[in-house]
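One structure below.
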Amino acid sequence: QVQLVESGGGLVQAGGSLRLSCAASGRTFGSNYAMGWFRQAPGKEREFVGGIRWSGGSTYYADFVKGRFTISRDNAKNTVYLQMNSLKPEDTAVYYCAATSDFRKSYDYWGQGTQVTVSS
């Protein structure tokens, strides 16, 4: 089993920054192991934000966050980060950390979520 715990959510003003963390515990995966971030706003479907491969650190982002959000990881700590800059009110959502054994496939493990609220 893999357990994921998010932290770092909160309230920020538009244009501000926030850094989310996700710590993973439990068994590890192979070379294609990846962790990522999703978000779900009220009345909206869950959407993919971005992900990062554990081996090599290649990152993948949804088009709407490129240039504003950055994903990084600390292999030793089994932790992934989501640095969010130039936040907009439409970024308001519950952000979920996820993990997959293969970044090319679906994410199998999920955290509880952390609320991010961006005020105008």
Side-chain angles (χ1 to χ4, degrees):
Q1 294 182 335
V2 174
Q3 294 180 331
L4 307 173
V5 180
E6 304 98 332
S7 62
L11 173 65
V12 297
Q13 293 186 355
S17 299
L18 203 62
R19 189 189 191 191
L20 306 183
S21 299
C22 176
S25 61
R27 66 184 179 91
T28 57
F29 302 96
S31 61
N32 289 329
Y33 174 55
M35 295 179 67
W37 292 93
F38 292 76
R39 70 184 187 184
Q40 187 168 18
K44 304 288 186 179
E45 293 293 322
R46 182 188 62 190
E47 61 182 350
F48 176 73
V49 176
I52 184 168
R53 288 189 62 181
W54 227 244
S55 179
S58 298
T59 54
Y60 306 87
Y61 300 97
D63 288 341
F64 67 88
V65 302
K66 287 183 178 178
R68 297 192 300 126
F69 294 4
T70 302
I71 294 175
S72 61
R73 55 92 171 92
D74 186 330
N75 286 13
K77 296 181 178 180
N78 235 20
T79 299
V80 65
Y81 305 94
L82 179 64
Q83 178 67 47
M84 302 184 291
N85 299 323
S86 301
L87 283 163
K88 306 173 182 179
E90 54 261 43
D91 294 319
T92 296
V94 176
Y95 284 71
Y96 296 91
C97 178
T100 178
S101 60
D102 191 333
F103 72 95
R104 299 166 296 182
K105 300 180 179 180
S106 62
Y107 284 75
D108 303 314
Y109 305 94
W110 299 86
Q112 296 295 322
T114 184
Q115 178 70 47
V116 172
T117 302
V118 184
S119 62
S120 301

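No hydrogens, no waters, no symmetry mates; every other heavy atom, side chains included, goes into these values.
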[X] vs [Y] side-chain heavy atoms within contact, under 4.5 Å:
X     : Y      : answer
Tyr95 : Gln40  : no
Asn78 : Ser25  : no
Ser7  : Thr114 : no
Arg53 : Asn32  : yes
Lys88 : Val118 : no
Phe69 : Asn85  : no

Shortest non-hydrogen separation from [X] to [Y] and the atoms involved:
X     : Y     : answer
Leu4  : Ala99 : CD1-N, 3.7 Å
Ser17 : Val12 : O-CG1, 3.8 Å
Ala14 : Pro89 : CB-CD, 4.1 Å
Arg68 : Leu87 : NH1-CA, 3.9 Å

> Among Ile52, Val65, Ile71, which one satisfies side chain to side chain contact (heavy atoms under 4.5 Å, CB included) with Trp37?
Replying inline: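 In the set Ile52, Val65, Ile71, the residue that makes a side chain to side chain contact (heavy atoms under 4.5 Å, CB included) with Trp37 is Ile71.
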> Between Glu6 (side chain) and Gln112 (backbone), is there a donor-acceptor pair under 3.5 Å?
Replying inline: yes
> Does Thr92 reach the main-chain N or O of Thr117 with its side chain, forming a donor-acceptor pair under 3.5 Å?
Replying inline: no
>> Would you say Asp74 and Thr79 are linked by a side-chain donor-acceptor pair, where the criterion is simply a distance under 3.5 Å?
In response: no
> How many angstroms lie between CD in Gln83 and OG in Ser21, if you round to the nearest 0.5 Å?
Replying inline: 9.5 Å
> Should the ring pair Tyr60 and Phe103 be called parallel, tilted or perpendicular, given that the plane angle runs from 0 to 90° and is split at 30 and 60?
Replying inline: parallel
>> Show, in sequence, the C-alpha distance, side-chain angles and deciding distance for Ser106 and Thr100, and conclude whether the side-chain contact (heavy atoms from CB on, under 4.5 Å) test is met.
In response: CA-CA 7 Å; Ser106 62; Thr100 178; 5.9 Å; no
Spell out, yes or no, whether [X] and [Y] are grouped together once hydrophobic residues are joined by side-chain heavy atoms under 4.5 Å, including indirect joins.
X     : Y      : result
Tyr61 : Met84  : yes
Leu11 : Leu20  : no
Val94 : Val5   : no
Met35 : Trp110 : no

>> One pair to check against side-chain contact (heavy atoms from CB on, under 4.5 Å): Phe64 and Glu47. What are the steps and the verdict?
In response: CA-CA 11 Å; Phe64 67 88; Glu47 61 182 350; 3.7 Å; yes
>> Does Val116 form a side-chain contact (heavy atoms from CB on, under 4.5 Å) with Leu18? I'd like the steps, not just the answer.
In response: CA-CA 9 Å; Val116 172; Leu18 203 62; 3.9 Å; yes
>> Can you confirm whether more than 12 heavy atoms, excluding those of Gln3, are under 6.0 Å from its CD atom?
In response: no
> If you count the non-hydrogen atoms of other residues, nucleotides and ligands that lie under 6.0 Å from CD in Gln115, is the total more than 12?
Replying inline: yes
> Between Tyr109, Tyr107, Trp54, which is the residue that forms a ring pair (Phe, Tyr, Trp, His ring centres under 6.0 Å) with Tyr33?
Replying inline: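 Of the listed options, the one satisfying the test is Trp54.
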> When the ring centroid of Tyr96 is compared with that of Phe38, is the distance short of 6.0 Å?
Replying inline: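 Tyr96 vs Phe38: aromatic centres not under 6.0 Å.
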> Could you go step by step and tell me if Arg46 and Arg39 meet the side-chain contact (heavy atoms from CB on, under 4.5 Å) rule?
Replying inline: CA-CA 6 Å; Arg46 182 188 62 190; Arg39 70 184 187 184; over 6 Å; no
>> Quick check with a 6.0 Å cut-off and a 45 degree axis cone: is Arg73 positioned over the face of Tyr81's six-membered ring?
In response: no
